[in-house]
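As structure tokens, the structure follows; a few thoughts come after it.
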Protein chains: 2
Amino acid sequence: MKVNIIMDPLLLLRQSIKSRGLKDTAQREGIVRFLAGAKGHLTQEEIFKALREREPGLGRATVFRTVKLLEEIGLVTRVTFADGVARYEFAYGRPHHDHMICVTCGVALEFSSPAIERLQTRLAKARNFKVRWHRHEMFGLCARCAGKNSS
Amino acid sequence: MKVNIIMDPLLLLRQSIKSRGLKDTAQREGIVRFLAGAKGHLTQEEIFKALREREPGLGRATVFRTVKLLEEIGLVTRVTFADGVARYEFAYGRPHHDHMICVTCGVALEFSSPAIERLQTRLAKARNFKVRWHRHEMFGLCARCAGKNSS
DNA sequence: TCCATAATGATATTAACTTTCATTCTCGAT
DNA sequence: ATCGAGAATGAAAGTTAATATCATTATGGA
Ligand SMILES: [Zn+2]
Ligand SMILES: [Zn+2]
Ligand SMILES: [Zn+2]
Ligand SMILES: [Zn+2]
């Protein structure tokens, strides 16, 4: 039996910050709180604009640096869809998944397939390739958008 | 029994150009010839620089517009690795494949797995998602680079 | 409280991509 | 073969996201 003990993401943030000799700031905590609450796949710009309302002084550079830090810590995952813009989703305590992205409306459906993950692992082993991370994305039409255009 | 009849890529290019009411140019043919010969995953800049030597007048904009056209025609496939820069590989007459990309040396190993493709298709069907294309990429260390750093 | 130094935010820079536009080229009609 | 409408080209400018710079501010251990 596997038990996941999930601490508050803010505690993990503080712990990671301390262990790296960094400093705890209101901006970092604010960004983590925001991302933990806002489900979805957000660009830096979206994060910036949403937070800027609450904290008027916030700068883009801080968002940029913080999401990079959070990615290293493992609190967020970076995903890149068809437009090539980096997006971030809160990852801490959530299982790995991949995406189907609708090229019309942009919605990102999430899927996970242990069978595919196993096959992946096997393929990598066969080549002596050490996988650090992967992405598996299907682009096309979601049910809603396919329905509209169908004959 | 499946038979692949592969015509000369230049013939396919000319045919596609004509059917779209476009015009045949030396630049377009040159780019197709170059890509058909140069195996690998090339950026626009790499294509531009390599061809520029032969054809001094060539402009970046033409490379940009041509690879886009070739992608639509199906002569090339666009792939994007970890650095986010678009790369193009000649695809005509070659089977679909996905990639394992070494984050240290940049080499892109190609793999294909009918089993994974089938699972993908099934997952998409279950969501009524119509797949237009997909990408499946593993990032990590190739055997060579993993060997160097191992203890 | 002090202070070394990390963090911040405005701004500048970079890099890739994309558009603009005046000129040139292509190709079917003549 | 030549003409001409319209596609294609290439230089340059514009766009966008990502990243670097730097003077100033804030943090947290001593
Ligand atoms: Zn996966
Ligand atoms: Zn997701
Ligand atoms: Zn595939
Ligand atoms: Zn490839």
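The chains referred to below are lettered A, B, ... by the order of the sequence lines, with proteins before strands, and numbering in each begins at 1.
- Taking atom CD1 on A:Ile47 and atom C1' on D:dA18, their separation rounds to 14 Å, with Å as the unit.
- Atoms CD and OG1, from A:Glu71 and A:Thr77 in turn, are 7.5 Å apart once rounded to the nearest 0.5 Å.
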- Under the side-chain contact (heavy atoms from CB on, under 4.5 Å) rule, what do B:Leu123 and A:Ile116 come out as? Steps first, then yes or no, please. CA-CA 10 Å; B:Leu123 285 163; A:Ile116 290 179; 3.7 Å; yes
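- A 4.0 Å heavy-atom criterion places the boundary nucleotides of DNA chain C facing chain B at C:dA16 to C:dC27, written 5' to 3'.
- For the ring pair (Phe, Tyr, Trp, His ring centres under 6.0 Å) test, residues two or more places apart in sequence or in another chain that qualify with A:His134 are A:His96.
- Taking atom CD of residue A:Glu46 and atom P of nucleotide D:dT16, one finds them 15 Å apart after rounding to whole Å.
- Shown here are the ring pair (Phe, Tyr, Trp, His ring centres under 6.0 Å) partners of A:His136, two or more places apart in sequence or in another chain: A:Phe111, B:His136.
- The existence of a salt bridge linking B:Arg60 and B:Glu45 is confirmed by a sub-4.0 Å separation between a basic side-chain nitrogen and an acidic carboxylate oxygen.
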- Message: side-chain contact (heavy atoms from CB on, under 4.5 Å), that's the test. Do A:Leu42 and A:Arg87 meet it? Break it down for me.
- Response: CA-CA 5 Å; A:Leu42 304 172; A:Arg87 290 162 188 280; 6.0 Å; no
- Under the side-chain contact (heavy atoms from CB on, under 4.5 Å) rule, what do B:Gln120 and B:Glu117 come out as? Steps first, then yes or no, please. CA-CA 5 Å; B:Gln120 258 177 203; B:Glu117 305 281 333; 3.5 Å; yes
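- With sequence neighbours excluded, the residues that form a ring pair (Phe, Tyr, Trp, His ring centres under 6.0 Å) with B:Phe139 are A:Trp133.
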- Criterion side-chain contact (heavy atoms from CB on, under 4.5 Å) on B:Lys39 and B:Arg94, from CA distance to verdict: CA-CA 11 Å; B:Lys39 312 303 181 191; B:Arg94 297 190 197 166; 2.8 Å; yes
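- Here B:Gly57 lies in heavy-atom contact (under 4.0 Å) with sugar-phosphate atoms only.
- Using a cutoff of 4.0 Å between basic side-chain nitrogens and carboxylate oxygens, A:Glu72 and A:Arg20 are scored as salt-bridged.
- In this entry the distance linking CG of B:Asp83 with P of D:dT19 reads 11 Å, nearest Å.
- The stretch residues 59-70 of chain A touches DNA chain D through A:Ala61, A:Phe64, A:Arg65, each having a heavy atom under 4.0 angstrom from the strand.
- For the segment residues 13-33 of chain B, residues with any heavy atom less than 4.0 angstrom from an atom of DNA chain D are, sorted by number, B:Gly21, B:Leu22, B:Lys23, B:Thr25, B:Gln27, B:Arg28.
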